[in-house]
Structures are given as C-alpha cells and as structure tokens.
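See structure below.
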Amino acid sequence: MLRDRRGTVVNAPNLGWRDVAFGELLAAALGPRRPAHVFNDVNAIAWGERVAGAARGVDDALAVFVGTGIGAGVIARGQLIDGSSHCAGEIGHVKVAWGDGAAPCGCGQRGCVEAYVGGAHVAAHITRTLAAPRAPRSLALALAGGDPAAVTPSHVDQAAQDGDAWALEYWGTLAPLLAIALGNAVAMLNPRRLVLGGGLLSRTPLLREQAVMALMLAAPTACTEALEIVDAELGDDAGLLGAADLARRSE
Ligand SMILES: [Zn+2]
C-alpha cells in the first residue's frame, strides 16, 4: 500500500516493508535526470492489461490477481481508480470472516480473503495439513512424491480434478470465499470485463472455475449480464508496460 505520490510504501506485508521511502530511494539511485514514479504493483499490472492485454478496449474493468497475495486494479470510464489514499483495489483485504476465530492477515487484521486464498496462506495450509500426524491421505501428496512440503496448489488442483476428497473439500472452502470478494466487487463496480490472473489462479484451473461459478451465484444478475470473465494475457510484462505508461502520463 502506498501512502503518497512520492512513493512511500506504508505496508508491503509480503515483502516485510513498513514505511519505506521507496520513491526517494529510487530517485536517489536514478539521479535527477531520470524522473521516478512509484505505482502500486497490481494497479500497474491492471493498467498494462488495459493498455495492451485482456482489458484492452474496455472502459470499465476489474483485474484481480491471486498470487502470493491478492490485489486488484479498478478501471472505470477508462481511468485507473487510485482512491483518496491510494487504496482502491485492495480486494485482498476485504473481509470474508469476522471475530477472534478469523484467520490473521499480513496487514495486521483478521478475516481478509488474502488470509485464506492468498498463495502464501494456501501453501502454508497445505503443508501444515498434509504434514500433521493424522493427515488426510491425499492424491496431492502422491503427486508431489510423498513430501508434504513439496505439495503445491497445482498438485491440489490436479488431485481435486481426479476426485480426491480432501482436495475437493479444501477447494470447496476456498472458492466461495474468493467468490464473495469477487462478487461484492462486481456488485459495487459493475465492470464489463473481469480479468483474472496471478501465480496461484493461473495454475489452479478447477479452483478458478469453482470460484467463477460461485461468483455468478453471489453477484446480482443485473451486474453480471454483460460481464465477460477472461484470463490475464501479459504475464510478467503487464506490470512493466502498465508502469511505463502510467509514468508517461504522469510527466
Ligand atoms: Zn489483510
């Protein structure tokens, strides 16, 4: 999360950063002849998809990326929405659970969708569950060569596709949580196109399919009638492209 246009990073939980004057550090490293601009990474990725990827030609789009964390970029009437304190699109920290029993999140709160469906939490849950003394017997473990620490979300997705009970049950808890966050965002923003991407979701086709099905049930029909749900197209290039174009527009 950014605090200001000078690029002060308030909190980047997955990097362990708090109040880092990243913009100033970058400007000092580049020197006075090269102006520096700092953007939220997912906003830059979303804008890259708008400029040359899966959201091109669409004025109202929501791009959600589920990787280590979960973030989104909101494009309304052709503009990237930044918000009053640069927090627009922080979909990973919308709440899907409440109270002391809700899972703790890297942002310091509890019950955020990222604390359940973010890749870091999914990987930790898989290892913790499959390494426990009375662990469920899962095909995912066999697919990873028997080492609980080597089981990836991709193995779990594959196991679920093959009918593995534990994998299906786990995906069955995650998909509705992701769908709640996506459905609420779709109801709020009414995008024409929902772009889905990120390291976790791009490797777990069944989880993606289940979440999309639940999303269509969770969001009001009037908000989904014209909605197109597509995959991100540009991979790692999206952030570079988006940041470059945003910087150009900021000059
Ligand atoms: Zn959070």
Side-chain angles (χ1 to χ4, degrees), residues 1-4 7-22 38-47 62-75 80-129 152-153 156 170-189 191 194-204 207-208 210-212 214-215 218-219 232 239:
M1 293 183 194
L2 294 175
R3 170 169 296 134
D4 50 43
T8 307
V9 178
V10 182
N11 186 8
N14 296 312
L15 296 173
W17 291 11
R18 274 188 190 272
D19 291 313
V20 175
F22 182 67
V38 178
F39 306 99
N40 171 286
D41 56 348
V42 182
N43 279 352
I45 292 166
W47 189 248
L62 172 67
V64 179
F65 297 88
V66 183
T68 307
I70 302 179
V74 178
I75 291 150
L80 182 67
I81 303 301
D82 198 23
S84 63
S85 60
H86 313 289
C87 279
E90 289 287 356
I91 194 172
H93 304 286
V94 302
K95 303 295 175 278
V96 293
W98 197 258
D100 291 345
C105 180
C107 72
Q109 297 201 5
R110 286 178 177 274
C112 305
V113 67
E114 182 174 302
Y116 295 91
V117 196
H121 291 270
V122 172
H125 178 87
I126 292 169
T127 306
R128 197 168 55 241
T129 305
T152 64
V156 176
Y170 184 34
W171 266 196
T173 62
L174 295 192
L177 297 177
L178 184 56
I180 289 170
L182 293 175
N184 289 347
V186 164
M188 283 286 292
L189 300 165
L194 171 63
V195 178
L196 295 175
L200 176 72
L201 219 48
S202 61
R203 294 184 182 91
T204 52
L207 177 63
R208 180 199 184 283
Q210 290 180 343
V212 166
L215 152 69

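Only heavy atoms go into these numbers, but all of them, side chains included; no hydrogens, no water, no symmetry mates. Counting convention: from 1, in listed order, for ligands and their atoms alike. Sequential numbering from 1 along the given sequence is applied to the chain's residues.
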Counting only pairs under 3.5 Å, give me each side-chain donor-acceptor contact of residues 104-117, with atom names and distances, residues two or more places apart or in other chains.
{"unit_1": "Gln109", "atom_1": "OE1", "unit_2": "Lys95", "atom_2": "NZ", "d": "3.1"}
{"unit_1": "Arg110", "atom_1": "NH1", "unit_2": "Asp100", "atom_2": "O", "d": "3.4"}
{"unit_1": "Arg110", "atom_1": "NH1", "unit_2": "Ala102", "atom_2": "O", "d": "2.7"}
{"unit_1": "Glu114", "atom_1": "OE1", "unit_2": "Ile70", "atom_2": "N", "d": "2.9"}
{"unit_1": "Tyr116", "atom_1": "OH", "unit_2": "Ala103", "atom_2": "N", "d": "2.9"}

If the condition is ring pair (Phe, Tyr, Trp, His ring centres under 6.0 Å), which residues does His121 pass it with, not counting sequence neighbours? none

Please verify the inter-ring angle class for Trp17 with Phe22; under 30° counts as parallel, over 60° as perpendicular, anything in between as tilted. tilted

Test Val122 against every option in Leu174, Leu207, Thr127 by the side chain to side chain contact (heavy atoms under 4.5 Å, CB included) rule and name the one that passes. Leu174

Would you give me the side-chain donor-acceptor pairs under 3.5 Å for residues 39-46, sequence neighbours excluded?
{"unit_1": "Asn40", "atom_1": "OD1", "unit_2": "Val42", "atom_2": "N", "d": "2.9"}
{"unit_1": "Asn40", "atom_1": "OD1", "unit_2": "Asn43", "atom_2": "N", "d": "3.0"}

In this structure, CG of Leu62 is separated from CD1 of Ile91 (nearest 0.5 Å) by 5.5 Å

So the protein N/O/S atoms within less than 2.8 Å of the Zn ion (ligand 1) come down to His93 ND1, Cys105 SG, Cys107 SG, Cys112 SG

